[in-house]
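Predicted model only: the values in this text are computed from it and were never measured. Numbers restart at 1 for each chain; the letters A, B, ... are given by sequence-line order, proteins then strands.
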Amino acid sequence: MAKLNTPKGTRDFLPQQAARRNYIFDTIRGVFDTYGFAPIETPAMELTETLMGKYGEEGDRLIFKILARGEKLKKAVENNKVEQSSEEALRYDLTVPFARFVVQHQNELSFPFKRYQIQPVWRADRPQKGRYREFYQCDVDMIGSNSLLNEVELTQIIADVFEKLGLPDIAIKINNRKILQGIAEVIGEPEKLIDITVALDKLDKIGREKVEEELVTKGISTEAISKLGVLFENVSLESVSEFVSSSEVGLKGIEELKNVISSSEKLGVTICEFDPTLARGLNYYTGAIFEVVHPEFPSSICGGGRYDDLTGIFGLKDVSGVGVSFGADRIYDLLLDKELFPAQVGLSAQVLFVNFGNKEAVQCQLWAKELRSVGIRTEVYPDSAKMKKQMKYANDKSIPYVLLVGDREIEAQEPTVKNMETGDQNAMSIDALIKHIQ
RNA sequence: GUGGUUGUAGCUCAGUUGGUUAGAGCAUCGGUUUGUGGUACCGAGGGUCGUCGGUUCGAGACCGAUCUUCCACCCCA
């Protein structure tokens, strides 16, 4: 057999895996529906210019560019051009395409606009555990409303989704970019917000010294770094509030954060926790930022935040949005590790008709039609293969009832029904079988 | 993009310091059983040892490159 493989970081999904993935998508979609979000879809590829510059330097590098074709490629090669990519690139996430979508269709939408979108995205990243080059994001966003009610609704949605998936032991880590901005202001380095937040994000991972080293390499003054000192020792909500008390933006962030956490708690969502080191590299966040983690999984399984200016880049000012993205592939890996997939996910047919030959198969098709009309999942084996093969097929697919239809059964108008679990079998009319199964 | 790691049958893996025709279990297919699966027994198919190049009389084993896997960075769902 020829050596076959899917491209790096991409996978095939066998029937059971696909069924389990659908279970995740269906669960998430079900929750989104109950909050009144509407589904949309956008193309797998966007114009390169739509994507570039929205994700920071790192993000831009990971965008899959599509090669130019035909004459354009020929010319580029002939002229020794470095740039041989076309105008198109595969989408890197669903949020930026959504912003483009909103601006482009602003006159056809009514605001605040609540949408969800479950589609694959592509990143030219190095694959590792829980990290793929093609993966599905399940995005839910509301745009055109500044209200913190939206943030609260998102924490409810997150809690609902993971409750339904049997994963209540998650934590929603919350921070606010305004607080981080306040910190940057207080230490006198407001321009270095991104560098400071990214470095701070690693505090629990690499420790204070390494963070300070990184800050130095980013050109932040030692004076500013020493001012940060207090935060390294005590990063409670109180200490951070105190730290940013001279910054208007910082205080606003604290206020928003407290509001979201306490409002969520009143609605029974008690898994939110303030994490001042949560930064998230995506440049476009301006307010609340979220990340959902599970103690037994190395990376976040859901993340998002508020973005005030994203549509501004495409020419629509003063429209704020907030949303989160569920990482279906990581959730899949986690559910698999913890063996949390319900057993009935991916059940095949309930009934298989064994095929004895053309004449008998016609009777099977007629009876199968009756069973299907009342919603019983039914197959007719397509070939009059050996009985052993057909029984094995039913056994392999865990089909609980096998129906044998030969001359005797047609004569009596009652198929022989075999219960594959007990091995018992007896003649039964189709009506009796329907009653028995239902 | 940086550093490391992995690759032998569909899957999980053996393969002695380089030495004839590379093995096992599971899976698949066939038979024992032409109207009976899940157990048992018998048998069969399936591998240019990831790929290309090098060292050697001789390479699955050694060296180099490349691809892939996984891991740590970076970043992120």
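Nearest to the side chain of A/Lys8, among B/rU68, B/rG4, B/rC29, sits B/rU68. Proximity note for A/Gln128 (side chain, C-beta onward) versus B/rC73, B/rC29, B/rC75: the nearest is B/rC73. Closest to the side chain of A/Lys418, from the set B/rG30, B/rU36, B/rC75, is B/rU36. Candidate nucleotides B/rG35, B/rU28, B/rG37 were compared by shortest atom distance to the side chain of A/Met420, and B/rG37 ranks first. Closest to the side chain of A/Met387, from the set B/rG35, B/rC76, B/rG3, is B/rG35. Considering only the side chain of A/Pro127, B/rU69 comes nearest among B/rC76, B/rU69, B/rG37. The side chain of A/Glu58 lies closest to B/rC74, out of B/rA77, B/rU2, B/rC74. Candidate nucleotides B/rU36, B/rU28, B/rC75 were compared by shortest atom distance to the side chain of A/Arg131, and B/rC75 ranks first.
Nucleic acid contact for A/Gly357: none, since no nucleic acid atom lies under 4.0 Å from a heavy atom of the residue. A/Gln425 comes within contact range of at least one nucleobase, with a heavy-atom separation under 4.0 Å. Across all strands shown, A/Gly406 has heavy atoms under 4.0 Å from base atoms, whether or not it also approaches the sugar-phosphate.
Residue A/Arg126 places no side-chain atom within donor-acceptor reach of the base of B/rU69, judged by atom type and a 3.5 Å distance cut-off alone. For A/Asn395 and B/rG38, a side-chain-to-base donor-acceptor distance below 3.5 Å is absent, hydrogens and geometry of angles not being considered. Side-chain to base pairing of A/Gln390 with B/rG35: no donor and acceptor N or O lie closer than 3.5 Å to each other. Taking 3.5 Å as the limit, the base of B/rU36 and the side chain of A/Lys392 contain no donor-acceptor pair of atoms between them.
Between the C1' atoms of B/rU32 and B/rA9, the separation comes to 27 Å (whole Å). Separation of the P atoms belonging to B/rG15 and B/rU6 is 15 Å when rounded to the nearest angstrom. Comparing the same atom, C1', in B/rU12 and in B/rU55 gives a spacing of 33 Å after rounding to whole Å.
Residues A/Arg115 and A/Asp141 are paired through a salt bridge, judged by an N-O separation under 4.0 Å between the basic side chain and the carboxylate. Taking a cutoff of 4.0 Å between a charged side-chain nitrogen and a carboxylate oxygen, A/Lys8 and A/Glu134 do not qualify as a salt bridge.
RNA chain B is contacted by both A/Tyr136 and A/Lys388; A/Lys388 maps to the nucleotide lying nearer its 5′ end (nearest heavy atom per residue). Each of A/Asp125 and A/Arg61 has a nearest nucleotide on RNA chain B; the 5'-most of these lies closest to A/Arg61.
Cation-pi geometry between A/Arg100 and A/Phe314 is not met at under 6.0 angstrom from the ring centre and within 45 degrees of the axis.
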Residue pair A/Ser348, A/Arg377: steps toward the side chain to side chain donor-acceptor pair (under 3.5 Å) verdict: CA-CA 7 Å; A/Ser348 53; A/Arg377 301 186 299 274; over 6 Å; no
A/Glu409 and A/Thr416: CA distance, side-chain angles, deciding distance, side chain to side chain donor-acceptor pair (under 3.5 Å) verdict: CA-CA 7 Å; A/Glu409 287 81 2; A/Thr416 296; 2.6 Å; yes
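Using N1 to N3 plus N6-O4 or O6-N4 for Watson-Crick, or N1-O2 and O6-N3 for G-U wobble, each under 3.5 Å, B/rA24 pairs with B/rU12.
Aromatic stacking is not marked for A/Phe326 over B/rA77, as the cut-offs of 5.5 Å for the centres and 30° for the planes do not both hold.
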